[in-house]
Amino acid sequence: MRIALFVTCLADAVFPDVGRATVTLLERLGHEAVFPPTQTCCGQMHVNTGYQREAVPLVRHHVEAFEPYDVVVAPSGSCVGSVRHQHAMVARGAGDEALAGRATAVAARTYELSELLVDVLGVEDVGAYFPHRVTYHPTCHSLRMLRVDDKPLRLLRQVRGMTLLELPDADQCCGFGGTFALKNADTSTAMLADKMRNVVASGAEVATAGDSSCLMHIGGGLSRLRTGTRTLHLAEILAATA
Amino acid sequence: MGHLRGEQSFPDAARGALADSQLRRNLGHATTTIRGKRAAVVAECDDWEELRLAGEALKSSTMARLDQHLVELEERVTARGGVVHWARDAHEANAIVTRLVRETGETEVVKVKSMATQEIGLNDALAEAGITAQETDLAELIVQLGGDLGSHILVPAIHRNRAEIREIFLREMPGVDPELTAEPRRLAEAARLYLRERFLRAKVAISGANFGVAESGTLLVVESEGNGRMCLTLPETLITVMGIEKVVPTWQDLEVFLQLLPRSSTGERMNPYTSAWTGVTPGDGPQAFHLVLLDNGRTATLADEVGRAALHCIKCSACLNVCPVYERAGGHAYGSVYPGPIGAVLSPQLTGVEDNASLPYASSLCGACFDACPVRIDIPSLLVRLRAQHVDANRGGVPSPEAAAMAAASWVMADHRRFAAAETASRLGRLLGRSTGRIGSLPPPLDAWTGSRDLPRPPAESFRQWWARERGQGRARERGQS
Ligand code: SF4
């Protein structure tokens, strides 16, 4: 299958390994990954901070970049959530019904990585090998906006050599929330502290999730505390082999 | 007047609460317990999602014809010997209630726990008129005696622990046993003794209402302790203040709400006390009944076809108990009698966004509130909408640094060439984390991030550069030929 990669602006600029891992994984499974070069950002930060008007050009740009493809995948629950739940709304808010219709069509073909693998490609065993103790944090938007359920866990359970450890209070928000982390830095930090305590209590060497943004938050906290626990995106674990 | 707006912004008010480790322990403990109870009783219902959908649908259709239902309610209440008053705002409502109490010649009233009367600041207004209002709900009593504000819709004294309650009772309850311990049983007993006297001498009671049934003119209060029922039955005069959104068209509608409310609220299958009264009944219960129908910003909220969903709220407080922000910052940080996620959307809508501009941002948009809400209010979407209204209201004039940054980011990201150039420029950030591979401090406003977290050092090569190098047009053709 020919699959368009929406790498997301964060992975492109800060976590290119996540994009590379997604490509490696798709190619290993026998699919063709393409990178629509005009893509930039889904505009989620603008929408969630109240700048819907500023998000309109980004929505239009995103629709134009991905319209030619039948299947689009992003290694980010929150960006797919934005495409699916916000793009048409933003277009409609700007009075552009035509754009809203096009955005809805693109959204219907856009999948988060675990959705693509399990629902579209029908695989749970991706042939990965990762001999480490891992715990999984189900990020809020994957969990509640996309309802990916246990798809990431089903994929992780098939990884050879890996010990999957339970994360206490897993479904509690890590406190990132985009600009929330800046606007309410104290509350965000208090939420992060509890998430880190639970990650450490799980006994894992690696905390994983389907969103680079939440991992940047959790990883940034763990690095400050020198806990030794690392964060890795789900795609990086699934792409790992012996 | 009223208790809907805070003096401090949410982040400022939260800072104090976050620094209070006792408060955080109390809140964390209480919300964890009630979350567990709620989850267990919700799991028992295999039709829970259908019930939620039914609740949502009933609320939407009722709001669409609220005027008709209210007129019907007024007719039925009047026909059964009650008197209906309409209050546009807190000031009018307080004036009506004060006048009604004055007309009885009494200077003391007992109160059933009610959010509407707190919203309008009724106790303060009565005090100004020389009338003492005695709260009879245990948690509300603790807050009242402590000279405090409620911190939770259902459990206003959630932020207090037993030792603190004991101290408040010893200090504020005349004639309390000086040997009082902090045992819950002993504390409840002290409150009961204190309240019994007041129930017996009260001639006037003031309540709110959880529901008002239009077809029969019946008002309902649900509660756990039974103290409300004492107020609703013993005094001669009963005055009920009800927000206009609390009306339900028929008795049958209650079947849905009386299942949704207790499970979501206290984690019980059924609330222990449900009191319903219709006008006055000669020889039984209060012989004078007044219903004050309160608007106070509700009609304006109703005019917003998306925002009006906030009025569907049945004040169960489930969204507070699951909210990670509420759990850390506590109810006082919201500066309103309606704290937590629902407060963050309701208070700004009732008073105008600019009056509570920081509240819509007091959420990480994690979505736990929507999942918990028994009437499926999409609180995260309402928050995002209010943020947009706030931003739009501040357009024109000199843009704030944030607005300028957002506009610049939009410009850069609307074109991939500009975006790629910005990525290259940001790689200058590599200079910062050279020795450690991470960035530990940044200047304002980004120090809000690096205060507690490191930032990863920008990579040497962006994904798009890697792609162009490895899988780009030229390469792909090359590979295709080989
Ligand atoms: S918004 Fe929903 S969950 Fe929150 S108090 Fe109201 S009814 Fe309950």
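The sequence lines fix the lettering, A, B, ..., with proteins before strands; numbering per chain opens at 1.
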Exercise. For the residue pair B/Asp415 and A/His61, what are the closest heavy atoms and their distance?
Worked result: CA-CE1, 4.1 Å
Exercise. Given that the side chain runs from C-beta out, which part of B/Arg24 has a heavy atom under 4.5 Å from chain A: side chain, backbone, both or neither?
Worked result: side chain
Problem set entry | Contact winner vs chain B - A/Met89, A/His46, A/Gln52, heavy-atom pairs under 4.5 Å | A/His46
For this session: Might you point out which heavy atoms bring A/Ala185 and B/Arg453 nearest each other, and give the distance in Å?
Result: O-NH2, 4.0 Å
Exercise. If you tally heavy-atom pairs under 4.5 Å against chain B, which of A/Ala11, A/Gly93, A/Gly50 wins?
Worked result: A/Gly50
Exercise. Do you know which of B/Ala333, B/Ala368, B/Ala362 has the most heavy-atom pairs under 4.5 Å to chain A?
Worked result: B/Ala368
For this session: Considering only heavy atoms and a distance below 4.5 Å, find which of A/Tyr51, A/Phe180, A/Phe15 pairs most often with chain B.
Result: A/Tyr51
Exercise. Between A/Gln39, A/Gln86, A/Arg226, which has the largest tally of heavy atom pairs under 4.5 Å with chain B?
Worked result: A/Arg226
Exercise. Where is the tightest heavy-atom contact between A/Thr49 and B/Glu402, given as atom of each residue plus distance?
Worked result: CG2-OE2, 4.0 Å
Exercise. Do A/Val23 and B/Glu470 have side-chain heavy atoms sitting under 4.5 Å apart?
Worked result: no
Seminar exercise, completed: Note: B/Pro324 and A/Gln172 closest approach over all heavy atoms is CB-OE1, 4.2 Å
For this session: Could you have a look at A/Leu222, A/Asp169, A/Ile218, A/Asp194 and say which one has the most heavy-atom pairs with chain B under 4.5 angstrom?
Result: A/Asp194
Problem set entry | Most contacts with chain A, counted as non-hydrogen pairs under 4.5 angstrom, among B/Ala420, B/Gly367, B/Pro11, B/Ala414 | B/Ala414
Problem set entry | Side chain / backbone / both / neither for B/Glu461 at chain A, heavy atoms under 4.5 Å | both
For this session: Heavy-atom distances under 4.5 Å only: say whether B/Ser381 touches chain A with side chain, backbone, both or neither.
Result: neither
Exercise. Between A/Val34 and B/Arg471, is any pair of side-chain heavy atoms under 4.5 Å apart?
Worked result: no
For this session: Using non-hydrogen atoms and a 4.5 Å limit, figure out which bit of B/Ser426 sits close to chain A: side chain, backbone, both or neither.
Result: neither
Exercise. So what's closer than 4.5 Å to chain B heavy atoms on A/Arg60: side chain, backbone, both or neither?
Worked result: neither
Seminar exercise, completed: Heavy atoms of B/Arg438 and A/Ser223 approach each other most closely as CD-OG, 2.8 Å
Exercise. Is the backbone of B/Arg464 close enough, under 3.5 Å, to the side chain of A/Asp12 for a donor and an acceptor to pair up by distance?
Worked result: yes
For this session: State, to 0.1 Å, how close B/Ser410 and A/Glu54 come at their nearest heavy-atom pair, and which atoms those are.
Result: OG-O, 2.7 Å
Exercise. With under 30° as parallel and over 60° as perpendicular, where do the rings of B/Trp449 and A/Phe176 fit, or are they tilted in between?
Worked result: perpendicular
Exercise. When heavy-atom pairs shorter than 4.5 Å are enumerated against chain A, which of B/Phe463, B/Trp411, B/Trp466 gives the highest number?
Worked result: B/Phe463
Problem set entry | Portion of A/Leu143 that has a non-hydrogen atom of chain B nearer than 4.5 angstrom | neither
Exercise. Most heavy-atom pairs under 4.5 angstrom with chain A, which of B/Arg418, B/Arg385, B/Arg395?
Worked result: B/Arg395
Problem set entry | Side chain / backbone / both / neither for B/Ala409 at chain A, heavy atoms under 4.5 Å | both
For this session: Answer with side chain, backbone, both or neither: which region of B/Tyr361 has an atom nearer than 4.5 Å to a non-hydrogen atom of chain A?
Result: both
For this session: Would you kindly say whether A/Thr179 and B/Arg387 are connected by a side-chain donor-acceptor distance under 3.5 Å?
Result: no
Exercise. Got more than 12 heavy atoms from elsewhere within 6.0 Å of CD, A/Glu166?
Worked result: no
Exercise. Relative to chain B, which segment of A/Val47 carries a heavy atom at a distance below 4.5 Å: side chain, backbone, both, or neither?
Worked result: both
Exercise. Quick check: does any side chain N or O of B/Ser364 sit under 3.5 Å from a backbone N or O of A/Gly177, one acting as donor and the other as acceptor?
Worked result: no
Exercise. Quick one: does A/Asn184's side chain get under 4.5 Å of B/Phe10's, heavy atoms only?
Worked result: yes
Exercise. Between A/Leu58, A/Val18, A/Val59, which residue shows the highest count of heavy-atom pairs closer than 4.5 Å to chain B?
Worked result: A/Leu58
